[in-house]
Amino acid sequence: MMVALDGTIVAIANPAIRDDLNASFADVQWVSNAYFLALAVTLITAGKLGDRFGHRQTFLIGVTGFAAASGAIGLSGSIAAVVTFRVFQGLFGALLMPAALGVLRATFPAEKLNMAIGVWGMVIGASTAGGPILGGVLVEHVNWQSVFFINVPVGVLALLLGTLILLDHRAENAPRSFDLLGIALLSGAMFCLVWALIKAPTWGWGDGKTWLFIAASVVLFAVFSFWETKVAEPLIPLGLFRSVALSAGVVLMMLMAIAFMGGLFFVTFYLQNVHGMSPVKAGAHLLPLTGMMIIGSPLAGTAITKLGPRLPLAFGMAVTAVALYGMSTLEADTGSGVMSLWFALLGLGLAPVMVGATEVIVGNAPMELSGVAGGLQQAAMQIGSSLGTAVLGAVMASKVDSVLPGKWADAGLPKLTPEQLDKASEAVQVGVAPVTKSMPEPVAAKITTVAHDTFLSGMSLASLVAAGVALVAVLVALLTKRGANADAGAGVGHI
């Protein structure tokens, strides 16, 4: 819950952090970027640590470190300290996420694993979607520090319960050595890829620096793949990917994350900047999405146990596509009832995918590689989220740049210089009307109408692109099957 929550809760706190610590916009971006970068780069390596030393120990260390880093952020008096401790949050978060899946895999027998992952998916989905709600309440009624301090008692409770309840499971043929060069190559490849995705909206997709990092990532991934065929105990045995189902599960998790971000990223701007809602009210409007993920995830676990993953996964991505298409039709005056329908459908569609794709990945991996499989699942989700934000952000920016000048001129507004147009475009991309207090009210009203219409054009196109991604994911879902190694769990190697 802590790791998923901190991925989205901070977006609400960023303006308050900027004002309190006198930080620049670029500094505040790093509050989120540092966390995602550290998390994405180290997830698979952290999963390997769990396979080597035991997932219980890795989980408890991750929980302790995450809670401590969270408390340190709340006590920080500078933006540099906040960013530094966000890196530590990401590193410790990477330790506990694959370990949690490793513990579930080892603890539950095949017939109960889907339900267990269903509860896990419920927590992840609800925390991700609920971040803006809780963040809004805490920032509005307490302070930005409380967004991080809340992790301390949760972490202490998780540590106490984990120490008392969790059993240590070790696979008999667990890895005994570390592929240090493989770790370095994979970490470098992941860093270059995620860095390119983070910086692409700023640099531009046509900029040489963006493609330099993407090219470096491709080269490092290729060298890593070659090295993994030569080392005795590889970080990721490439034989894992001979399983079509596991490979499809990884791709599906990535596509699901792109669609999820397509549904969540622009909606928060739409609710707050177009409809003028407070963060708390905007969060309340997202409750249908959160609620359906809470209800749908355990139900999906039951359905997947009975039917296998293929049909529930395809159904889930098809419903997600319908929901995203519906969100592309939202207007400035759309009522709460219509919004709630599409948000609820989105939650209903995402729930079986969160559960089923995870079971497909973890269940099709050998028991001794359950941590690596958990790391793959989480890495796919993080890359998908970064890719979704970057690509759909580029779609939005392109649409706004092409539509705004024409709508501005059609409204009879004064012509803008190129510099003014760039600034106006940046504001409109997040649904903000570029008006000032000194503007006459009729002019400000016209600008607001133009800005919101343009933003909605961009959001509509981005939602349609995300719907297209979801439709591709329907086809990928048809390649999945029940975990071939799921029976290896439950009771293996209790210590």
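We're numbering straight along the sequence, starting at 1.
Contact annotation: the side chain of Met97 never approaches that of Gln377 to less than 4.5 Å [non-hydrogen atoms, C-beta and beyond]. Proximity of Leu181 to Phe224: side-chain heavy atoms (C-beta onward) are nowhere separated by under 4.5 Å. Between Phe92 and Val3 the shortest side-chain heavy-atom distance does not fall below 4.5 Å. Counting only heavy atoms from C-beta outward, the side chains of Leu252 and Met317 approach each other to under 4.5 Å. In this structure, Met293 and Met354 have side chains that are in contact, with non-hydrogen atoms separated by less than 4.5 Å.
Between Phe148 and Trp144, the ring planes lie perpendicular to each other; the angle is over 60°, past the 30° to 60° tilted range. Using bins of under 30°, 30° to 60° and over 60° for the plane-to-plane angle, the ring pair Phe455/Phe266 lands in the perpendicular bin.
Although no hydrogens or angles enter the test, the distance criterion places no donor-acceptor pair under 3.5 Å between the side chain of Thr320 and the main chain of Ala470. The backbone N or O of Asn273 lies less than 3.5 Å from a partner atom in the side chain of His452, making a donor-acceptor pair. Formation of a donor-acceptor pair under 3.5 Å by the Arg86 side chain with backbone atoms of Val31 is found in this model. Side chain of Thr84 to main chain of Ala80: a donor-acceptor pair is present (N/O by atom type, distance under 3.5 Å, no hydrogens or angles). Within the 3.5 Å criterion, the main-chain N or O of Ala394 finds no donor-acceptor partner in the side chain of Ser398. Here the side chain of Gln378 pairs no donor or acceptor atom with the backbone of Gly375 at under 3.5 angstrom. Under a 3.5 Å cut-off, the side chain of Thr42 and the backbone N or O of Ala38 do form a donor-acceptor pair. For the pair Ser328 (side chain) and Ser460 (backbone), a donor-acceptor distance under 3.5 Å is absent. Looking only at distances, no side-chain donor or acceptor of Thr210 sits under 3.5 Å from a matching main-chain atom of Gly206. Remark: side-chain polar atoms of Ser217 are paired, donor with acceptor, to backbone N or O of Ala189 under 3.5 angstrom.
Here the shortest heavy-atom pairing between Met459 and Met396 reads N-CE, 3.3 Å. Pro234 and Glu228 get closest at one heavy-atom pair: CB-OE1, 3.2 Å. When all heavy atoms of Ala314 and Ala477 are compared, the closest pair comes out as N-CB, 3.6 Å. Residue Ala351 comes nearest to Met292 through the heavy atom pair CB-O, 4.4 Å, listed as atom of the first residue, atom of the second, then distance. Nearest approach of Ile361 to Leu246, heavy atoms of both residues: O-CD1, 3.4 Å. Considering all non-hydrogen atoms of both residues, Val430 and Phe269 come closest at O-CB, 3.4 Å.
Ring pair Tyr270/His275: centre-to-centre distance below 6.0 Å.
Not counting sequence neighbours, the partners of Lys209 by the salt bridge (charged side-chain N to carboxylate O under 4.0 Å, His left out) test are Asp207.
For Tyr325, the OH atom sits in a loose shell: 12 or fewer heavy atoms of surrounding residues, nucleotides or ligands are nearer than 6.0 Å. Remark: Phe191 CZ is packed, more than 12 non-hydrogen atoms of other residues, nucleotides or ligands lying under 6.0 Å away.
If you take CG on Leu159 and OG1 on Thr64, they are separated by 4.0 Å, rounding to the nearest 0.5 Å. Here the straight-line distance linking atom NE2 of His55 with atom CZ of Phe59 works out to 12.5 Å at 0.5 Å rounding.
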